[in-house]
Amino acid sequence: MEKEKRISPVYLLLCLASAGLFVLLAFRRSAGTDDAYALAMVRRSFADIWHISAAGSNPPLYYYAAKLFSMPFGYAEYAVRLFSGVCFLLITAVGGWEITRFWGKKMGLTFMVLFALYPFAMDHAAQAGAYALAALCVFLSALFAYRVWNSNMAGDWIGLSVFAIFAAYSHHFALISVAAIYLLLFLCALICRRKLLKGWPIALAADVLLYIPWMKNLIRQVSGMEKVTVTLRGAAEGTAALFHAAGNSTFPLFLGALMLLILLGVILRRRVAPLLAAGVCALTAGAGIVLSVLRAEYLAPCAPLLAFLLAWGVCAIRREVIFGAVMGFLLMGFAGNLVYGILPVPAAEDEFNQAVAEAHTEAQAYVILTEDGSIALQQAAAYYLPETPIYTEQTLGEANPYSNIHPMEEFSPEDWDTLLAVSDPGSRPIGGFPHGFQATLIGTYQTEGERFDLWLLQREAPEEKQAENEQDNTPAE
């Protein structure tokens, strides 16, 4: 039943506070591969985005949307990050409005507060990547599925179909989530609301037809995803990522225990909306485990549904004293994480970052000589130094959006006087490669867990080179 439709001053205040929070978070900078890749992709043409995405690992919708949003601002990095914040603001505002209509003002406002501060969601609130858009599309798909359950109106079926296909084109795990929504809606309709079976196949067929152009790419991309063996330790770390709050070691235990109680309440009370939210999260995680590709961040599209479950469970507490205590502890944990989220994170001493890159601007190009090609380093260097050429044996191939990353075949030592070379830790560039340069070790650094040695290569003066050759040609006594 629709209970309340009035926009309250508290609702508007929470919308403004959430907007301010996401605007502030967008100032955080990061050189993660997802961020660097997205910032490079939005600068490519619409045709290039489709072809590069097809050769890469993600669908193209996010890059199209972020490109359109940031285009008036010259594709500025802040604008690209802010787009993720706008997606989360829409989840907060639309979620609060719709939840208030169906479950009352208390639950609507509780959802707005909890989602805006939920640490797992906040991790992606200002990230230049597809997770925020995927979360928005999955959440709106779930909302329209619930509206369909209540009304069976054509407009709600259209809304479900539209946002489901948007989700499918935004992230592979968002596709799994909307597939779970369709499956659960079908099972519920089959059991107790068969009138929904008329609209269900039409909406599903429309989405399948619209997804056919990407189907071949999906199969190739999923088959090429890195396999992840799920271990007990890995499962514990993934669960902790869902419930974490930086700087508060006891909070994950409290939030995890609270979520277990909420799931028990979902099973016992058997209400449609909580069952749908819990089922989608469980099926999304289960599919990732079966395919051996699950990582905690892949559940980011389900973050709004987790926040909905949390709000539903907390608002089910009848005694105001207990409700206040639970909310107080939640907000304390979330607020502590917020401080860590806003403050700049100190980089490790050996982290390859903007300061290291800018300390050696005399280098005219980078040459990557590691055995694995250091894909993460390539993207970090391209992010920090977008005008500096980078040469490597292993590139991203057709999935490369960076204009300054080139295959080693295009490298010519004669064109450069000063280079930065990257080699595996403890290994000197072979034979002084490139020939004719003097190698000086700068230090050992790491990025995203990849360690490497950084060398400064300077072209030898003709006299030094001649003296070296004479020394090499001197017969041993």
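Sequence positions, counted from 1, serve as the residue numbers for this chain.
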Practice prompt. Measure from the side-chain N and O atoms of Asn353 to the backbone N and O of Val356, and report whether any donor-acceptor pair falls under 3.5 Å.
Written response: yes
Worksheet item: How about Asn400 and Thr395: does a side-chain donor come under 3.5 Å of a side-chain acceptor?
Response: no
Discussion item. Just by distance, no angles: are the side chains of Gln221 and His172 close enough, under 3.5 Å, to form a donor-acceptor pair?
Written reply: yes
Worksheet item: Do the rings of Phe69 and Phe73 sit parallel, tilted or perpendicular, given the 30° and 60° boundaries?
Response: tilted
Worksheet item: For Tyr298, what residues pass the ring pair (Phe, Tyr, Trp, His ring centres under 6.0 Å) criterion, not counting sequence neighbours?
Response: His171, Phe173
Worksheet item: With a 3.5 Å cut-off and no angle check, do the side chains of Thr440 and Trp455 form a donor-acceptor pair?
Response: no
Practice prompt. Walk me through it: do Gln378 and Tyr383 pass the test side-chain hydrogen bond (donor to acceptor under 3.5 Å, both in side chains)?
Written response: CA-CA 9 Å; Gln378 290 180 36; Tyr383 167 79; over 6 Å; no
Worksheet item: Judged by atom type as modelled, is there a donor-acceptor pair below 3.5 Å linking the side chain of Arg459 to the main-chain atoms of Thr418?
Response: no
Fill in: Any residue meeting ring pair (Phe, Tyr, Trp, His ring centres under 6.0 Å) with Phe111, in chain and number order, not counting sequence neighbours
Phe115, Phe139
Fill in: Under the side-chain hydrogen bond (donor to acceptor under 3.5 Å, both in side chains) test, residues paired with Glu409 that sit two or more places apart
none
Tabulate below the donor-acceptor pairs under 3.5 Å that side-chain atoms of residues 299-314 make, not counting sequence neighbours, or state none.
none

Discussion item. So if I apply the side-chain contact (heavy atoms from CB on, under 4.5 Å) rule between Ile390 and each of Asn404, Val367, Leu377, which one comes out positive?
Written reply: Asn404
Response to the item:
Minimal heavy-atom distance between Ala278 and Leu263, with the atoms involved, is CB-CD2, 4.0 Å
Practice prompt. Evaluate side-chain hydrogen bond (donor to acceptor under 3.5 Å, both in side chains) for Tyr402 paired with Gln379, printing each intermediate quantity in order.
Written response: CA-CA 8 Å; Tyr402 304 98; Gln379 299 188 72; 2.7 Å; yes
Discussion item. If we ignore hydrogens and angles and just use 3.5 Å, is the side chain of Glu98 paired with the main-chain N or O of Leu143 as donor and acceptor?
Written reply: no
Fill in: Any donor-acceptor N or O pair under 3.5 Å, side chains Thr284, Ser177
yes
Discussion item. Test side-chain contact (heavy atoms from CB on, under 4.5 Å) on Ile52 and Tyr63; report intermediate values, then the result.
Written reply: CA-CA 11 Å; Ile52 294 173; Tyr63 304 118; over 6 Å; no
Worksheet item: According to the interplanar angle, ranging from 0 to 90°, do the rings of Phe334 and Tyr118 count as parallel (below 30°), tilted (30 to 60°) or perpendicular (above 60°)?
Response: tilted
Response to the item:
Here the salt bridge (Lys or Arg N to Asp or Glu O under 4.0 Å) pairs for residues 67-76, sequence neighbours left out, are none
Worksheet item: Hey, mind stepping through Leu283 and Ile176 against side-chain contact (heavy atoms from CB on, under 4.5 Å) and telling me if it holds?
Response: CA-CA 8 Å; Leu283 289 173; Ile176 295 174; 5.9 Å; no
Item to complete: Quick one: closest heavy-atom pair of Thr92 and Ser18, and the distance?
Response: CG2-OG, 3.6 Å
Practice prompt. Return yes if a side-chain donor-acceptor contact under 3.5 Å exists between Asp424 and Thr370, otherwise no.
Written response: no
Fill in: Flag for Gln394-Thr392: side-chain donor and acceptor within less than 3.5 Å
no
Discussion item. Could you report the tightest heavy-atom contact between Ser161 and Asp207, atom names first, then the distance?
Written reply: O-OD1, 2.7 Å
Item to complete: Would you indicate whether the side-chain heavy atoms of Glu362 and Leu456 approach each other to under 4.5 Å?
Response: yes
Worksheet entry | Pairing residues for Tyr366 by the ring pair (Phe, Tyr, Trp, His ring centres under 6.0 Å) criterion, not counting sequence neighbours | none
Discussion item. Please report whether the ring centroid of Tyr169 lies less than 6.0 Å from that of Tyr211.
Written reply: yes
Worksheet item: Do Leu175 and Ser170 come close enough that some side-chain heavy atom pair is under 4.5 Å?
Response: no
Worksheet item: How are the rings of Phe452 and Tyr445 set to each other: parallel, tilted or perpendicular (split at 30° and 60°)?
Response: tilted
Worksheet item: Does CD in Glu398 sit with more than 12 non-hydrogen atoms of other residues, nucleotides or ligands closer than 6.0 Å?
Response: no
